[in-house]
Amino acid sequence: MNTLRMQDDAPISGVITGSTPEHRDERGTFAKLFSDGIPAFTDFTVRQANCVRTIEPDTLRGLHYQTGDYAEAKIFRVLEGKAQFGIIDLRPGGSSYLKSFTLILADPVNFLRVPRGCATGYCTLERNTTVLYFSDNRYQPDAEKGIRYNDPVLKIGWPRKPLIISPKDLSWPDFMNP
């Protein structure tokens, strides 16, 4: 029987990566994507679930975060395709403040949990990449902030130069000079 596998070796405090069991038989597969019975999710309350399908590879979404009462933790899974996630810790005073971390997800059983106070984004690595993510808070436009994907100080190791980026994401300021 498969059991939950978690890793806590991410350089950012509170980031959890892991995988949940997948059951296979002649019909196909079954994986539980969220349950409050999964140890990594027991203290996570889903307030919003989003599914994002991106047609082209090398499309970047992010780096986003929300502030104040609308800060949010997120759990990401890639349902189809492949994406590289970038995370930056923006929590002053912590041991991982301003550190960045990247992780590639390409299988629905694998997950990434990002704590409140971190900016996140991802770059698709294949056509038709579908990302499912859960937030523990509601989206509030007035609380949304972002950091430009190629901020010269907070460097994310993207696998290659993103080719498609929304005007909004291109207009985010550098973090140190907002």
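Just so you know, these numbers use all the heavy atoms, side chains as well, and skip hydrogens, waters and symmetry mates. Counting begins at 1 with the first residue of the sequence. Bear in mind that the values here come from a model prediction, so they are computed numbers and not experimental data.
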Peer 1: Please round to the nearest 0.5 Å and tell me the distance separating atom CD1 of Ile104 and atom CG of Leu125.
Peer 2: 5.5 Å
Peer 1: Please round to the nearest 0.5 Å and tell me the distance separating atom CZ of Arg77 and atom SG of Cys51.
Peer 2: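 Those atoms lie 13.0 Å apart.
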Peer 1: Search all heavy atoms of Ala106 against all heavy atoms of Lys82 and return the closest pair with its distance.
Peer 2: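 Reported closest heavy-atom pair: CB-CG, 3.8 Å.
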Peer 1: So which heavy atom on Phe101 is nearest to which on Pro11, and how close?
Peer 2: CD1-CD, 3.1 Å
Peer 1: Find out if a path of hydrophobic residues (ILVMFWY) with successive side-chain heavy-atom gaps under 4.5 Å connects Val52 to Ile164.
Peer 2: no
Peer 1: State whether the side chain of Ser100 and the backbone N or O of Leu154 hold a donor-acceptor pair below 3.5 Å, judged by distance alone.
Peer 2: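 Not confirmed, Ser100 side chain does not pair with Leu154 backbone.
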Peer 1: Closer than 3.5 angstrom, by distance alone: can the side chain of Asn137 be matched with the main-chain N or O of Ala71 as a donor-acceptor pair?
Peer 2: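 Side chain of Asn137 to backbone of Ala71: a pair is present.
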Peer 1: Using the rule that two of Ile, Leu, Val, Met, Phe, Trp, Tyr join whenever any of their side-chain heavy atoms come within less than 4.5 Å, decide whether Phe175 and Trp158 are in one cluster.
Peer 2: yes
Peer 1: Run the salt-bridge test on Glu56 and Arg127 with the 4.0 Å N-O cut-off and return the result as yes or no.
Peer 2: yes
Peer 1: Between OH of Tyr65 and CH2 of Trp172, what distance do you get to the nearest 0.5 Å?
Peer 2: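 One gets 8.0 Å once the value is rounded to the nearest 0.5 Å.
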Peer 1: For the backbone of Gly157 and the side chain of Gln84, can you confirm whether one donor and one acceptor N or O come within less than 3.5 Å of each other?
Peer 2: yes
Peer 1: What's in the same ILVMFWY side-chain cluster as Tyr139, cut-off under 4.5 Å, chained through other members?
Peer 2: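 In the cluster with Tyr139 there is nothing else; it is isolated.
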Peer 1: Working to the nearest 0.5 angstrom, can you tell me the gap between Leu63 CG and Asp169 CG?
Peer 2: 8.0 Å
Peer 1: Return the OH to CZ distance between Tyr70 and Arg116, rounded to the nearest 0.5 Å.
Peer 2: 11.5 Å
Peer 1: Tell me whether Phe30 is reachable from Leu33 by hopping between hydrophobic residues (I, L, V, M, F, W, Y) whose side-chain heavy atoms are closer than 4.5 Å.
Peer 2: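 They do not share one cluster, since no chain of ILVMFWY contacts under 4.5 Å joins Leu33 to Phe30.
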Peer 1: Taking all atoms of both residues into account, what is the closest heavy-atom pair of Cys118 and Ile87, and its distance?
Peer 2: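 Of all heavy-atom pairs spanning Cys118 and Ile87, the closest is CB-CG2, 3.8 Å.
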Peer 1: Between Thr130 (side chain) and Leu79 (backbone), is there a donor-acceptor pair under 3.5 Å?
Peer 2: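 No: the side chain of Thr130 does not pair with the backbone of Leu79.
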Peer 1: Would a 4.5 Å heavy-atom cut-off, applied to side chains only, mark Tyr149 and Leu170 as touching?
Peer 2: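 Tyr149 reaches Leu170 side chain to side chain.
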Peer 1: State, yes or no, whether a side-chain contact exists between Val131 and Val78 at a heavy-atom distance under 4.5 Å.
Peer 2: yes
Peer 1: Identify the two heavy atoms, one from Ala73 and one from Asp136, that lie closest to each other, and give their separation to 0.1 Å.
Peer 2: N-OD1, 2.7 Å
Peer 1: Side-chain heavy atoms under 4.5 angstrom apart, residues restricted to Ile, Leu, Val, Met, Phe, Trp, Tyr: same cluster for Val109 and Leu105?
Peer 2: no
Peer 1: Check Gln66 against Arg138 and note the closest heavy-atom contact, atom names and distance.
Peer 2: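 Scanning both residues completely, I find the closest heavy atoms to be NE2-O, 3.3 Å.
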Peer 1: In the structure I gave you, are the side-chain heavy atoms of Ile147 and Leu90 within less than 4.5 Å of one another anywhere?
Peer 2: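 Sidechains of Leu90 and Ile147: in contact.
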Peer 1: Are Val46 and Ile75 in one and the same hydrophobic cluster, where Ile, Leu, Val, Met, Phe, Trp and Tyr link if side-chain heavy atoms are under 4.5 Å apart?
Peer 2: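 In one cluster with Val46: Ile75, yes.
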Peer 1: Determine the interplanar angle of the Phe85 and Phe76 rings, folded into 0 to 90°, and report it as parallel if under 30°, tilted if 30 to 60°, perpendicular if over 60°.
Peer 2: tilted
Peer 1: Check Asp174 against Asp151 and note the closest heavy-atom contact, atom names and distance.
Peer 2: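 Nearest heavy atoms, Asp174 then Asp151: CA-OD2, 3.1 Å.
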Peer 1: Just verifying a value: how many Å separate Asn128 CG and Arg53 CZ, rounded to the nearest 0.5 Å?
Peer 2: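 Here the interatomic distance stands at 4.0 Å.
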Peer 1: May I ask you to check whether over 12 heavy atoms, not counting those of Asp43, lie within 6.0 Å of atom CG?
Peer 2: yes
Peer 1: Pick out which of Tyr133, Phe41, Phe34 makes a side chain to side chain contact (heavy atoms under 4.5 Å, CB included) with Phe111.
Peer 2: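 Single side chain to side chain contact (heavy atoms under 4.5 Å, CB included) partner of Phe111 among Tyr133, Phe41, Phe34: Phe41.
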Peer 1: Below 4.5 Å, heavy atoms only, C-beta onward: do Lys32 and Thr20 meet side chain to side chain?
Peer 2: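 In short, these two side chains do not touch, never coming nearer than 4.5 Å.
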Peer 1: If we only count heavy atoms from C-beta on, is the Ile156 to Ile88 side-chain gap below 4.5 Å?
Peer 2: yes
Peer 1: Arg47 versus Ser135: any side-chain heavy-atom pair under 4.5 Å?
Peer 2: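 The answer is no; the side chains never approach within 4.5 Å.
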Peer 1: Could you tell me whether the side chain of Asn110 reaches within less than 4.5 Å of the side chain of Thr17, counting heavy atoms only?
Peer 2: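 SC-SC contact between Thr17 and Asn110 ruled out.
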Peer 1: Determine whether a donor-acceptor pair (N or O, by modelled atom type, separation under 3.5 Å) exists between the side chain of Arg91 and the backbone of Pro115.
Peer 2: no
Peer 1: Would you say CZ of Arg24 has more than 12 non-hydrogen atoms from neighbouring residues, nucleotides or ligands within 6.0 angstrom?
Peer 2: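 No, CZ of Arg24 has 12 or fewer neighbouring heavy atoms, counting only those of other groups under 6.0 Å.
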